[in-house]
Structure formats: C-alpha cells, structure tokens
Amino acid sequence: MLDYIALARQHGDLEGPAGQIAEKLEQTLKVNFNVDRFGAEGDEFDPQVHEALMHQTSPDVTIEKVNVLIQPGYKVGEKLLRAARVGVISPA
C-alpha cells in the first residue's frame with residue numbers, strides 16, 4: 001500500500017481528499033507503529049539494508065553508493081521489513 005501511495009505522489013495523483021487520506025495513513029504508521037521509509041539516491045550502499053538490482057562503475061565516485069532508487073525500503077524501529085531495491089554505482 002505504501003508503495004502505491006509513493007508512486008501516486010510521484011505522478012502527482014494525490015490531490016484533495018485522497019492525498020489527505022494517504023498522508024494520514026503514513027502519519028499513523030509512523031507515529032503509532034514507528035514505520036519508516038528509507039532509501040535515497042546518493043546514500044552509501046549498505047548490503048544489510050539495500051538490495052542491489054543493477055550495478056555500474058564510474059571513475060567519478062569514490063565509494064559505492066545508491067545511484068537509482070527503484071523501490072524504497074521499510075523499517076519498524078531497527079527491524080528491517082523490506083530492503084530498499086536500488087541501482088548501485090561503484091568506483092571504476
């Protein structure tokens with residue numbers, strides 16, 4: 001469900017009442033159940049919390065990092081619910 005909300009938000013489809021309901025759901029999960037979405041382009045790659053689905057190299061980077069966020073990950077506190085699915089870029 002949270003993935004669908006994030007995709008709808010990316011495409012500008014969460015306006016009006018639907019957007020308010022989605023926002024309320026996300027806030028409720030965060031406040032009452034400590035559910036956090038994570039993963040962003042530029043994050044340092046961590047195989048403990050990231051699932052690499054693509055890989056490339058570049059002389060422009062010095063550390064292995066997330067180049068493309070395919071699907072965010074979710075945690076409850078420190079417990080991993082789902083790893084973030086990412087594309088990774090490494091030093092050449």
TODO: Given salt bridge (charged side-chain N to carboxylate O under 4.0 Å, His left out), test E51 with R85 step by step and report yes or no.
DONE: CA-CA 5 Å; E51 179 182 358; R85 295 176 176 143; 3.3 Å; yes
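- With hydrophobic clusters built from ILVMFWY side chains whose heavy atoms lie under 4.5 angstrom apart, L7 does not share a cluster with L14.
- Legend: salt bridge (charged side-chain N to carboxylate O under 4.0 Å, His left out) pairs involving residues 11-24, not counting sequence neighbours: none detected.
- Under the 4.5 Å side-chain contact rule for hydrophobic residues, L81 and F33 share a cluster.
- Contact detail for A92 and P59: the closest heavy-atom pair is CB-N, 3.7 Å.
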Task: V88 vs K65, side-chain contact (heavy atoms from CB on, under 4.5 Å): CA-CA, chis, key distance, verdict - done: CA-CA 6 Å; V88 177; K65 62 183 180 177; over 6 Å; no
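- The CD1 atom of I63 sits 4.0 Å away from atom CD of E44, with the distance rounded to the nearest 0.5 Å.
- Residues passing the ring-ring contact (aromatic ring centres under 6.0 Å, His included) test with Y74, sequence neighbours excluded: none.
- Remark: of the listed residues K79, K30, R82, K75, K30 is the sole one forming a salt bridge (Lys or Arg N to Asp or Glu O under 4.0 Å) with D36.
- Looking at every heavy atom in both residues, A84 comes nearest to G39 through CB-CA, 4.4 Å.
- Both V76 and M1 are assigned to one and the same hydrophobic cluster, defined by single-linkage of ILVMFWY side chains at heavy-atom distances under 4.5 Å.
- A side-chain donor from one of Q56 and N67 sits under 3.5 Å from a side-chain acceptor of the other.
- Side-chain heavy atoms closer than 4.5 Å link hydrophobic residues (I, L, V, M, F, W, Y) into clusters, and following such links, even through other members, never connects V61 to V66.
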- [ ] Determine, step by step, whether I70 and V86 satisfy the side-chain contact (heavy atoms from CB on, under 4.5 Å) criterion, reporting the C-alpha distance in whole Å, the side-chain angles of both residues, the deciding distance to 0.1 Å, and the verdict.
- [x] CA-CA 5 Å; I70 298 166; V86 300; 5.8 Å; no
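- Side-chain N or O atoms of N32 include none that pairs as donor or acceptor with a backbone N or O of L29 at under 3.5 Å.
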Open item on the list: Pair T57, I89 - check side-chain contact (heavy atoms from CB on, under 4.5 Å), show working.
Closed with: CA-CA 5 Å; T57 59; I89 191 163; over 6 Å; no
TODO: Could you go through the side-chain contact (heavy atoms from CB on, under 4.5 Å) check for E64 and H55 one step at a time?
DONE: CA-CA 10 Å; E64 202 168 42; H55 181 262; 4.0 Å; yes
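- With hydrophobic clusters built from ILVMFWY side chains whose heavy atoms lie under 4.5 angstrom apart, L2 does not share a cluster with F38.
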